[in-house]
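The structure appears below as structure tokens.
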Amino acid sequence: MNNLLLRNVRPMAGETCDILIRDGKIAGFGTFEAEPGMAVEDGSNAIVAPGLIDAHTHLDKTTWGMPWHVNNRAAVLRERIDFEREHRLEIGIDPHRQSMRHAIGLAAHGASHIRSHVDIDPTHGLRLVEGVWETREKLDGIIDIEIVAFPQSGVMVMPGTVELLDEALRQGCEVLGGIDPCGIDRDPKGQLDILFALATKHGVPIDIHLHEAGELGAFTMEMMFERIRANGMQGKVAISHAFALGMNDYLRVGKLIDEIAKLDVAILTTGAPSAAVPSIMRLKEAGVRVGGGCDGIRDTWGPWGHPDMLDRAQVIGMKNGLRSDRDLEHVLHIVSQGGADVMELKNYGLKVGNDADFTLLAGQTLAHAVVDIATRPLVVKRGRVVARQGQAVVEMP
């Protein structure tokens, strides 16, 4: 098993100490002598934080490491979805190779867990999911991957998708996805009824992309709230993006947030620069679980993004207009403990008995680490060093 003594580190920028790890678990904080045969690493007084969590991404989509993809298309959601579905094979986006590149990049930059939406549609069947499953198996012990069965092209408008989702969940996808019940399917009752029926059948949580803004998005949220109550799924539903919570109606948003908190609906944000996004500080005040994700990176949708949750933390922080150290620390919380709370991870965090999943951060304080985005000196997964100075122990394919 993985035994390690990590010397001279500052847990969450606190006092310097050693961390003792036995059998992949945190055994203690303090001052220790190395046990016979135990690996020893010197943290050089770096900050140690729990493993970063990318709780909203798309491992099957990136063109990372491929020739530059020329994108001259209009930024229209339906057009981007259709182009990607119909052209990804000719472009050469192999789901296993590309998800490996994306996931290894996240691990090299301190991530310990990923929730990835993976497209399922009649054009590709379960081929994309199978590619990411292969990646998950090969990266076991490097980074943990949870897969969302994601009907990006729609449910009602794509005959055969419901049966594919059912089979994907039967084969082991941990979460059921959805997308814009009004904007994509133009049938919110039909899509949501099917999704909640599938989720209750398989006993899985739901994570729905909701790009719908303003009052349309609020309407969809309220339809989701009705089904959460009817199916007893409090605490088992997440809304990704939730752009409607960024609308310019303080009281209307407040009522939605109150209901979100009451039903324990989680919110996942990417800090999307091109959209009105939820206020992470307002959600914090309401006690809502909030995680973050890098979303799609360098794909057919757009050229931006990096497989690095500190980079995404900076995007979220700037989009929310945050400046104080306390608020920047909360952004770090969102891309670590917050994501773990949304994914309901067990044994996560810097406590004795928990899994030894953590990353070293360069910086004087937590806020400094978020702003500087320096190379991660060391990344540990279940007591094993999996990356040094931004380079993972496994090579990119």
Stepwise ring-ring contact (aromatic ring centres under 6.0 Å, His included) check, His117 with His209: CA-CA 10 Å; His117 298 254; His209 283 57; 4.5 Å; yes

Worked check of side-chain contact (heavy atoms from CB on, under 4.5 Å) between Asp144 and Ser112: CA-CA 6 Å; Asp144 291 343; Ser112 60; over 6 Å; no

Residues Arg88, Asp299; criterion salt bridge (Lys or Arg N to Asp or Glu O under 4.0 Å); working and verdict: CA-CA 10 Å; Arg88 62 189 303 155; Asp299 53 22; over 6 Å; no

Stepwise side-chain contact (heavy atoms from CB on, under 4.5 Å) check, Asp18 with Phe29: CA-CA 6 Å; Asp18 303 339; Phe29 299 88; over 6 Å; no

Worked verdict on Ser116 versus Phe150 for side-chain contact (heavy atoms from CB on, under 4.5 Å): CA-CA 9 Å; Ser116 177; Phe150 180 44; over 6 Å; no

His58 and Trp301: CA distance, side-chain angles, deciding distance, side-chain contact (heavy atoms from CB on, under 4.5 Å) verdict: CA-CA 12 Å; His58 298 266; Trp301 292 52; over 6 Å; no

Glu167 and Arg170: CA distance, side-chain angles, deciding distance, salt bridge (Lys or Arg N to Asp or Glu O under 4.0 Å) verdict: CA-CA 5 Å; Glu167 180 61 17; Arg170 188 190 68 79; 2.5 Å; yes

Chi angles and distances behind the side-chain hydrogen bond (donor to acceptor under 3.5 Å, both in side chains) call for Arg101, Gln98: CA-CA 5 Å; Arg101 290 174 176 174; Gln98 293 309 116; 2.8 Å; yes

Test log, rule salt bridge (Lys or Arg N to Asp or Glu O under 4.0 Å), inputs Arg376 and Asp308: CA-CA 10 Å; Arg376 307 315 103 81; Asp308 183 348; 2.9 Å; yes

Worked check of salt bridge (Lys or Arg N to Asp or Glu O under 4.0 Å) between Glu259 and Arg229: CA-CA 11 Å; Glu259 198 66 16; Arg229 295 189 202 95; 2.2 Å; yes

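Side chains of Val290 and Lys284 form no contact here, defined as non-hydrogen atoms less than 4.5 Å apart. Val393 places none of its side-chain heavy atoms less than 4.5 Å from the side chain of Arg388. Residues Val118 and Ile120 form no side-chain contact, since every pair of their non-hydrogen atoms from C-beta on lies 4.5 Å or further apart. Counting heavy atoms from C-beta outward, Ile194 and Leu165 have side chains that stay 4.5 Å or more apart. Counting heavy atoms from C-beta on, the side chains of Phe358 and Leu6 come closer than 4.5 Å. Annotation: side chain of Arg85 is not in contact with side chain of Asp119 (no heavy-atom distance under 4.5 Å). You'll find the side chain of Ile206 stays beyond 4.5 Å of the side chain of Lys236, heavy atoms only. The shortest side-chain heavy-atom distance between Ser153 and Arg78 falls under the 4.5 Å cut-off.
We find that Glu174 and Arg115 are not joined by a salt bridge, their nearest charged nitrogen and carboxylate oxygen being 4.0 Å or further apart. At a threshold of 4.0 Å, the pair Arg73-Glu84 does not count as salt-bridged, since none of the basic side-chain nitrogens sits closer than that to a carboxylate oxygen.
Note that the CZ atom of Arg7 and the CG atom of Leu20 stand 10.0 Å from one another [nearest 0.5 Å]. Rounded to the nearest 0.5 angstrom, Leu268 CG and Ile208 CD1 are separated by 12.0 Å. Note that CG of Leu310 is 12.0 Å distant from CZ of Arg312, once rounded to the nearest 0.5 Å. Between Ile334 atom CD1 and Ile280 atom CD1 the span is 3.5 Å, to the nearest 0.5 Å. Residue Leu59 holds its CG atom at 5.0 Å from CD1 of Ile114, rounded to the nearest 0.5 Å. For the atom pair SG (Cys17) and CG (Asn8), the distance works out to 9.0 Å, reported to the nearest 0.5 Å.
No more than 12 heavy-atom neighbours from other residues, nucleotides or ligands sit within 6.0 angstrom of CD on Gln364. Heavy-atom contacts from other residues, nucleotides or ligands closer than 6.0 Å to CD of Glu15 number 12 or fewer. Counting heavy atoms of neighbouring residues, nucleotides and ligands inside a 6.0 Å radius, atom CD of Gln389 exceeds 12 of them.
Judged purely by distance below 3.5 Å, without hydrogens or angles, the side chains of His69 and Thr63 never pair a donor atom with an acceptor atom. No side-chain donor-acceptor contact under 3.5 Å links His87 and Thr300.
Looking only at distances, a side-chain donor or acceptor of Lys319 sits under 3.5 Å from a matching main-chain atom of Ala275. Under a 3.5 Å cut-off, the side chain of Arg384 and the backbone N or O of Asn2 do not form any donor-acceptor pair. A donor-acceptor pair under 3.5 Å is absent between the side-chain atoms of Thr269 and the main chain of His241, judged by distance alone. No side-chain donor-acceptor contact under 3.5 Å links Asp166 to the backbone of Leu169. Side-chain N or O atoms of Asp357 include none that pairs as donor or acceptor with a backbone N or O of Lys381 at under 3.5 Å. Remark: the backbone N or O of His56 is paired with a side-chain donor or acceptor of Asp54 at under 3.5 angstrom. Thr62 contributes a side-chain N or O that, together with a main-chain N or O of Ile297, makes up a donor-acceptor pair within less than 3.5 Å.
The two residues Gly177 and Pro151 have their closest heavy-atom pair at O-CD, 3.4 Å. Scanning both residues, Ile81 and Ile184, for their nearest heavy atoms gives CD1-CD1, 3.8 Å. Smallest separation of non-hydrogen atoms from Met12 and Pro50: SD-CD, 3.6 Å. Taking every heavy atom of both residues into account, Ala387 and Ala108 meet most closely at CB-CA, 3.8 Å. Taking all atoms of both residues into account, the shortest heavy-atom contact from Pro181 to Leu210 is CD-CD1, 4.1 Å. In terms of heavy-atom proximity, Leu361 sits nearest to Ala49 at CD1-CB, 3.8 Å.
Note on Leu126 and Val155: same hydrophobic cluster, where clusters join Ile, Leu, Val, Met, Phe, Trp and Tyr whose side-chain heavy atoms are under 4.5 Å apart, directly or indirectly. Phe243 and Met281 fall into different hydrophobic clusters, where Ile, Leu, Val, Met, Phe, Trp and Tyr side chains are chained together by heavy-atom contacts under 4.5 Å. Under the 4.5 Å side-chain heavy-atom criterion for Ile, Leu, Val, Met, Phe, Trp and Tyr, Met343 and Ile316 are members of distinct hydrophobic clusters. Met309 and Leu139 fall within a single hydrophobic cluster, where Ile, Leu, Val, Met, Phe, Trp and Tyr are joined by side-chain heavy atoms under 4.5 Å apart, directly or via other members. When hydrophobic clusters are built by joining Ile, Leu, Val, Met, Phe, Trp and Tyr residues whose side-chain heavy atoms come closer than 4.5 Å, directly or via intermediates, Val277 is not grouped with Met221.
With sequence neighbours left out, the side-chain hydrogen bond (donor to acceptor under 3.5 Å, both in side chains) criterion links Thr200 to no other residue.
Classification of the Tyr348-His113 ring pair by plane angle, with boundaries at 30° and 60°, yields perpendicular.
Across Lys25, Lys346, Arg382, a single residue satisfies side-chain hydrogen bond (donor to acceptor under 3.5 Å, both in side chains) together with Asp355, and that is Lys25.
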